[in-house]
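A note on names: the letters A, B, ... follow the listed sequences, proteins ahead of strands, and every chain is numbered from 1.
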Amino acid sequence: MSSRLQVPVFSLRDTMECGQFFRFTQVGRTYVVQTGGRIFALWQKKDTLYYDGVEEEFLLRFLRLDEDLGAILKMIDRDPVIHSAIETYRGLRLIRQDPWECLISYLCSSAKGIPHIRSIIENLCKCSGRKVRYGNYVGYEFPEPVCLTSSRQWDWVGAGFRKSYLVKAGQCIEREGLINLKNLPYREAREALTELPGVGKKVADCVLLYGLDFLEAFPIDTWIKKGLQKAYFRNRQVGPKKMEEFVSRHFGRFAGYAQLYLYHYWRNQPIR
DNA sequence: ATCCAGGGGGATT
DNA sequence: AATCCCCATGGA
């Protein structure tokens, strides 16, 4: 029934639960994962990843198992703080998300906790009206852009003031245009994304890092900001510009991985 | 640069 | 049950 894969530097648990990705449900030791119109199951024992309902080819890309994480971690391991985060969570990987799904997810994320983000996204998926099943578990496909523009009842979605962002994104964006941002330099792709209402630097960087393969993107939210201040700036106030310059210079072209590790690390052992 | 509305769930009391 | 807290964005 299920297939298996050897995964040397990989932690399914940390990869799922670090807050980068929202569409999964934990059922015992199994994660039922949804993305786009897919629904499949993953579980891990030691260095073996078991999967069901998905092709290996997709999974390798989705979980970035085609990437030499060990080599990347060596490159970002620049100081005792990041070193400790890497030691604690080695195997945490970026998930390569669908760009459109990623944009909508992070538009929903502004000033929200993870449970509510998940609930908004699930409600949006119900708008697509297309059911998917894995065993007893029933979900819905992620809606296409045009699906969000039509006049519908938005109240029950619970998106609040993000509603207008979502409608606008549905009107402006086609998958093609979003994917083409990959061909631009990081700065330009970021400029283009922040043209959209509701997309500031933080949300743009999330879309660039999680959806568009810009591994130098380093999303700075309040957790990261507090942590960076404490760890690298002796608790001094420091402007967003200086902070961006620092992480870019300090961590280099794989800064996004550093952000992933630091975020997970600081969220799980609060900054004093 | 700085301040703050705005929205709804979670934590706290 | 009531109140406080949280927070990315955007506009003043």
Relative to each other, are the rings of Y186(A) and F214(A) parallel, tilted or perpendicular (30° and 60° limits)? tilted

What class does the angle between the rings of F251(A) and F246(A) fall in, given that below 30° is parallel, 30 to 60° is tilted and above 60° is perpendicular? perpendicular

When every non-hydrogen atom of D213(A) is compared with those of K182(A), the smallest separation belongs to OD2-NZ, 3.5 Å

Side-chain-base donor-acceptor pair under 3.5 Å for K112(A) and dG9(B): no

Where each pair must be Watson-Crick or G-U wobble with both distances under 3.5 Å, what dot-bracket representation of DNA chain B is obtained, with crossing pairs in [ ] and other-strand partners as |? .||||.|||||||

Over 12 foreign heavy atoms within 6.0 Å of [atom1], [X]:
| X | atom1 | answer |
| --- | --- | --- |
| K131(A) | NZ | no |
| N136(A) | CG | no |
| E191(A) | CD | no |
| R4(A) | CZ | no |

Tell me which nucleotide among dC7(C), dG8(B), dT9(C) gets nearest to the side chain of H116(A). dG8(B)

Detail all sub-3.5 Å separations between protein N/O atoms and N/O atoms belonging to nucleotides 10-12 of chain C.
from    : atom 1 : to      : atom 2 : distance (Å)
dG10(C) : OP1    : G198(A) : N      : 2.3

Is it true that E101(A) and R23(A) have a side-chain N and a carboxylate O under 4.0 angstrom from each other? yes

Report yes if at least one side-chain N or O of W223(A) is closer than 4.0 Å to OP1 or OP2 of dC6(C); otherwise report no. no

Phosphate OP1/OP2 of dC7(C) contacted by T222(A) side-chain N/O (<4.0 Å): yes

